[in-house]
Each structure stands twice: as structure tokens, then as C-alpha cells.
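Hydrogens, waters and symmetry mates play no part in the numbers below; they use all other heavy atoms, side chains included. Just so it is clear: chains get the letters A, B, ... in the order the sequence lines come, proteins before strands, and each one is counted from 1.
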Protein chains: 2
Amino acid sequence: MKRKITLKQIAKELDVSISTVSKSLRNSLEIGEETRLKVQAFAKFYHYKPNNIALSLKNRKTKTIGIIIPEIVHHFFSTVINGIEQVANENGYSVIICLSDDSFDKEVLNMEMLANGSIDGFIMSLSKETQFRGDFHHITEVINQGMPVVMFDRVTNDILCDKVIIDDKYAAYEAVQSLIDKGRKKIALVTTVDYVSVGKLRTDGYTKALLDNGIPFNEDLIIKIEDIDTCEITIGKLLEDKAIDAVFAVNELFAVTIIKTANKIGLNVPNDLAVIAFTDGIISKYSTPTITTVSQSGIKMGNKAAKMLIERLESEEDEEDENYKTEVIETHLIERESTN
Amino acid sequence: MKRKITLKQIAKELDVSISTVSKSLRNSLEIGEETRLKVQAFAKFYHYKPNNIALSLKNRKTKTIGIIIPEIVHHFFSTVINGIEQVANENGYSVIICLSDDSFDKEVLNMEMLANGSIDGFIMSLSKETQFRGDFHHITEVINQGMPVVMFDRVTNDILCDKVIIDDKYAAYEAVQSLIDKGRKKIALVTTVDYVSVGKLRTDGYTKALLDNGIPFNEDLIIKIEDIDTCEITIGKLLEDKAIDAVFAVNELFAVTIIKTANKIGLNVPNDLAVIAFTDGIISKYSTPTITTVSQSGIKMGNKAAKMLIERLESEEDEEDENYKTEVIETHLIERESTN
DNA sequence: CTGAAAGCGCTTACAG
DNA sequence: CTGAAAGCGCTTACAG
């Protein structure tokens, strides 16, 4: 049990000053070659590695990125983390991840905790509750302290900062248009409650596609699901009562539930009912039938978000040019068996 | 853009010493009430929060746990993280997550990086490559430095430390036994390559169940899949040539592929072919038919691992009693449509 | 009751 | 060429 070795110990052992050791290890030409090599050899032998915490304190930067997401057991979010991790590591950053569990309080707590010196900047996606409340003071505060924030996916217009999103409205439009192109006339929308920003935008896209094609908009064909566990009944009713021939679901969990319900009441997917889902995840790929989806590349989102954050962190701190950008990641339709 | 306020600034502003401020904020009775309240009010007004990094340096502990896992886009691992996060947060710890991508080098790099002061202890699951090489020097080193390590799921006997696992062999045994109980006679095993510790154990359980029931063990019925993308052909052959009536798959991805392949060649699951998978994830729940699985609770594993680590961290450092424990998390069979 | 000093582990401008 | 000093932000034993 040898504790990690420090500069001080090396200095003592070699009978030189701490400064000399430090400089030798950083290969400063200030130090005579003989001493330098001696110190380096000794340090190498004892596996000396500078203490990150001490460096952070000294440099006033930690080289770590804080990530706050609602939920990790979610293919999309894991994917984004992967993307962030990639470019973070390439640039010598590590990441520290906190989960808000879609709770406002946890989001605030986590941000405060990380903001106290543990990280250099945030990458985050808002919790449902935060979006519902519209209370973003914790984020403003962090930004005011000079800590950059990049938001992705679930963002808000109320905060000025870098963002990376997909064009939810347009992507939804395209998806619905593809259904119309295939001759579907009565298209339902299964979505989330309105305060989730992306849910709202996808609804807009859905509506616009219908209207642009002269299809009457029918409120009854929109179902807003609050809780996935109780949705089957609502969905069953929709399918039985409304004689629809297609559904656009705002995520793949809804989509797979729709398919299963349809099967139960004797509807064939895709013949009787076409199904498209937002978010290309693992379920869509392995469901039977496989599900046509709008793919939003989490990896790309993560890459981009990390790039934006690191760029800001390393840009000479000329804090004045706060020209925040919003990057839009491209989506595309992945055609599978649930449409034809 | 007001940078975060420090003790020093408060001291200056209030014209007292830094010590006085520090003590006041920690509510030390050493300080006169008047001063104490004045300082506290001021600090509150400016949202003073102590700098974590400084505290870490001072206390020589960071109150953060390092997690190293092979892959985050994996329901089981995300689930474990969730479990770790829960009890970590309850105990005032945060977590920092690094991914090894199943690569030995990344695992080593990440561990070295975190070991340099950033965290107090590790919770980890070995990368495939590490298991393949059998090289664990990076872990030994960390432990020798006095940093506790808890391993979960993919562990090794070559390292002495706390571990939390499931009884892979027994769970596999049970699963196969349940197939036998349902009258299945010719049961195949679809597994991973042998160096993945859990793969090996599950194979052992499978074999034992067969032998215990007087069913001849047939090497040809065991398929080892290296790469999920090319497995369909191998699986197809198994199903067509071997006339099996049940399959035990070592994970749900294999299981769902088996089911899809079976469907293609006209086999009905579960009538012609029963399927059981290890690891209860999201696919099993939403596949058609839904898949009977051995559930290993990632949440519980994470909870337990975090508890063990924190306990060790906070146990008075009486480092001598290194009585390492291995906790076994219970599994159970979740019966669904793929068996009957 | 208040403050100066030492220290956590490091770096770097400044003396010598 | 080497080292003492100051400092990052904090805490705490010790003086006064």
C-alpha cells in the first residue's frame, strides 16, 4: 500500500527542491540536464503522475465536461453520451454524468454541485419538469458565472446559449408526407404532453403536412400520452373507433405498443395500418414488423455538442463575442417493414 | 459575468480574515454571533458555495466515484449506472463515467486518468479485450495505491477486491431446466466467445442441466458468436440442420435474432421452438413474441456495488481488514410468450 | 473572539 | 543552474 507519490517526496528523496522537480518533469531547459534526467528517471520508476485535483486548482480549469440528462436508460441519450465522450477524450477532456430523472429539483441540485468547480462547462438536455415549469434560473446562474452551457434536443428559447437540435418540425413533416405519398388518408398522431418542447414541434410538423396536402385536420386523431404504462387502452380505442390507416408516433415505444395493439384487434401492419416512429432506437430494429423511423443521430449530436463546448472553453476567453449558435443535425427516414 | 465568489473576496469585503469567514460559514461557535451572522448573510446573498476542487485537495478525498464500463448503449449497463447513481447521490457522492469501448487500452487510459486524484474509488466491469488478455496490472496498481475497486458482472478471479455478480452458472441451469420441464429435448445454446467470463459460466450451467437430466451433451448444439452482425447465417444453419426444439441464448439480441430467423424458415415460436434469453432488457419486452428471460437486476447490482464501495471508503481507513466480499444478486425467470 | 500560519499538490515568476 | 516564495481555494490547529 504505497500511496501515490508526490513532487514533495521526490524532492526529498533526491535532495533537491520541489521547484526543481516540477521543472525537470516538464522538461524545462532551465534545469541542468543531469538533474533533469535523474529526476525523470526517478519519477518514471515510481510511476509519478501529477495530481489532477492540484492541477485543476492551480489552473482554474478541470478539463472535464459535465453532462446532465433526464435518463440514461434511453437509447437516444446513451448514444449522445457516446458521441460526447468520443470528442471529449480526443481533446483530453473527461466527462462526468448526472441524471435528473426528469426532476427539476435533481437537475438544479446536480448543476449546483457540478458548478462548484468540478467542471469547466455543461452539456445538457432539459428535464420534463423543468420544461413544464419554465424555470431556468439555475441555468442562467451558471452562465452568468462564466460557465458555458450547450443544450441539446430538449432545449428552450428562454436561454441564450449554444444549442444542437434536430429540425423536429420538418422531420415530422417529412415523415407524415411520406405516409401521404403512400396513399394514406387518415393519419393519427400519438404524442407526448405539450410542454415537452420536441413533442410540440413534431405536432406542428404533423399538422402542417396534413394541411399542405389538403387533408382536414382532426383533433380527435391526436392522442397525448402522459404515461406509457396506461396508454394501451387509449391506443386501442383510437384504432377501433377512428378507422385510421396510418399512425405517426413520436417515439418508438409508442410505435411498438401501437403495433402490438393493432395485431391484437386483427389489424395487419403495414397493410391495414402504416406506422412511423420518431427516434431510431433498438426497438424499431428488432420489433416485428421492424419499424420505419426518423433517425436522429445521437452520436452526431453528442459530437457536435462537445465540439461546440470545447471550442468555447478554449477560445481565449474573449468572452465578449457571445454569438451563440444553434446547430441543426440532419435526420433521415429509415424505411422498414411497418410502412410500404 | 461575475465569477464565483471566494472566501478571500468575502473576507476582504467584510474586512475580516479568511479564517473567520471560513469558520463562520461552518457555523463554528468559536466565532462571535454577530460576525458569524454577518458573514453568513453576505455569503448567502452572493450565493457562496465552497469550491469542490479546493475541498478535494484539502481533504484528500473527492466524494466522487469513477465508473468504467465497456459500453453505455446497452440496457443492462445503463441500468447499473442508474443503480450506482441512486445510492451515490444519497450519500453525497457524484459519479464520473468512462467507457472502455471494450478496448484494453482505453480501459487502462481511463483508469490511469481517474486514478490521479479525480476519484476516491472505482466501480467497473471488465472490457472484453481485458478479459481476453488476462492482463489486469492496471487494476492491481490502483488497488496497491490504496484506491478501492468494486467489480461487477464481468469480473475476474485474478484480482482480489469486492465484487458483485449474479450466479451465472446457476441461473443458466435454471433456465435450461425450465425448458426441460416443459418437455423440450434438444436444446441448443447460443453464446459468446469463451473468454467473456459470464459466457463461460452460462455454458457450464447449460451443460450441467443437460447432464443432470440425462440428456446427452452435444457439442454441435453450441454456437459461439463473435460478431452479432454476421450471426444470422450460423443461426439459420443451426435451426435448419439440427432439428432442435429449444434455444437458450446468452443475451436478448441473440434471442430476437433467433426468433426472426425461425419465423423466416417457417418455425413457430414457441410451438416449434422455445426461446429463453439471458438479461431482461427492453427488446425482450417488446419483441413479438415477447421473450422469456433470466432477469438480472442492473439496478440492484448498481445499488450493491455503490454501497460496498462507499462503505469501504468511509470505513475509518483501517486498511488492514481486507476481507473482500463477493455479493451475489438474485435472478429470476420472467416467463413470456417465447416459451410455453 | 479573531487571525496568522501551515498545508493539501502543484506551477511559475522572480532571486540568487 | 537551483530554490524560495506566492498562489490556486479551502480548513484547522495554534497564538494572542
For a quick check of understanding: with a heavy-atom distance under 4.0 Å over all strands, which category does [X] fall into, base, sugar-phosphate or nothing?
{"X": "I18(A)", "value": "base"}
{"X": "T35(A)", "value": "sugar-phosphate"}
{"X": "K8(A)", "value": "sugar-phosphate"}
{"X": "T6(B)", "value": "sugar-phosphate"}

T326(B) side chain reached by V164(B) side chain, heavy atoms, under 4.5 Å: no
Of all pairs that satisfy ring pair (Phe, Tyr, Trp, His ring centres under 6.0 Å), the ones with a partner from residues 82-121 of chain B, not counting sequence neighbours: F104(B)-H138(B)
Please, what dot-bracket string fits DNA chain D when only Watson-Crick and G-U pairs with both distances under 3.5 Å count, crossing ones use [ ] and pairs to another strand use |? |||.||||||||.|||
Are side-chain N/O atoms of [X] and [Y] paired as donor and acceptor at under 3.5 Å?
{"X": "S103(A)", "Y": "S100(A)", "result": "no"}
{"X": "S22(A)", "Y": "S19(A)", "result": "no"}
{"X": "E314(B)", "Y": "N91(B)", "result": "no"}

If the threshold is 4.0 Å, N to carboxylate O, is there a salt bridge linking [X] and [Y]?
{"X": "D120(B)", "Y": "K61(B)", "value": "no"}
{"X": "K106(A)", "Y": "E85(B)", "value": "yes"}
{"X": "E129(B)", "Y": "R133(B)", "value": "yes"}
{"X": "D162(B)", "Y": "R312(B)", "value": "yes"}

Name of the residue among D153(B), L126(B), D102(B), T130(B) meeting side chain to side chain contact (heavy atoms under 4.5 Å, CB included) with P70(B): D102(B)
Mind checking which nucleotides bracket the chain A contacts on DNA chain C, 5' to 3', with an atom under 4.0 Å from a heavy atom? dC8(C) to dC14(C)
Does F132(A) have any side-chain contact (heavy atoms from CB on, under 4.5 Å) partners at least two apart in sequence or in another chain, and if so, which? Y195(A)
Strand contacts (DNA chain D) in residues 113-121 of chain A, 4.0 angstrom heavy-atom criterion: none
Taking DNA chain D as the partner, which of residues 25-32 of chain A come within under 4.0 angstrom of it by heavy atom? E30(A), I31(A), G32(A)
Would you give the length of the straight line joining atom CE of M111(A) to atom CZ of F122(A), rounded to the nearest 0.5 angstrom? 4.0 Å
Starting at CZ of R154(B), measure out to CD1 of I165(B) and round the result to the nearest 0.5 Å. 14.5 Å
Taking dA6(C) as the reference, what is the distance to dA4(D) when you measure between their P atoms (whole Å, please)? 15 Å
Let me spell it out: for each of D15(B) and L57(B), pick the nucleotide of DNA chain C with the closest heavy atom. Which residue's pick is nearer the 5' end? D15(B)
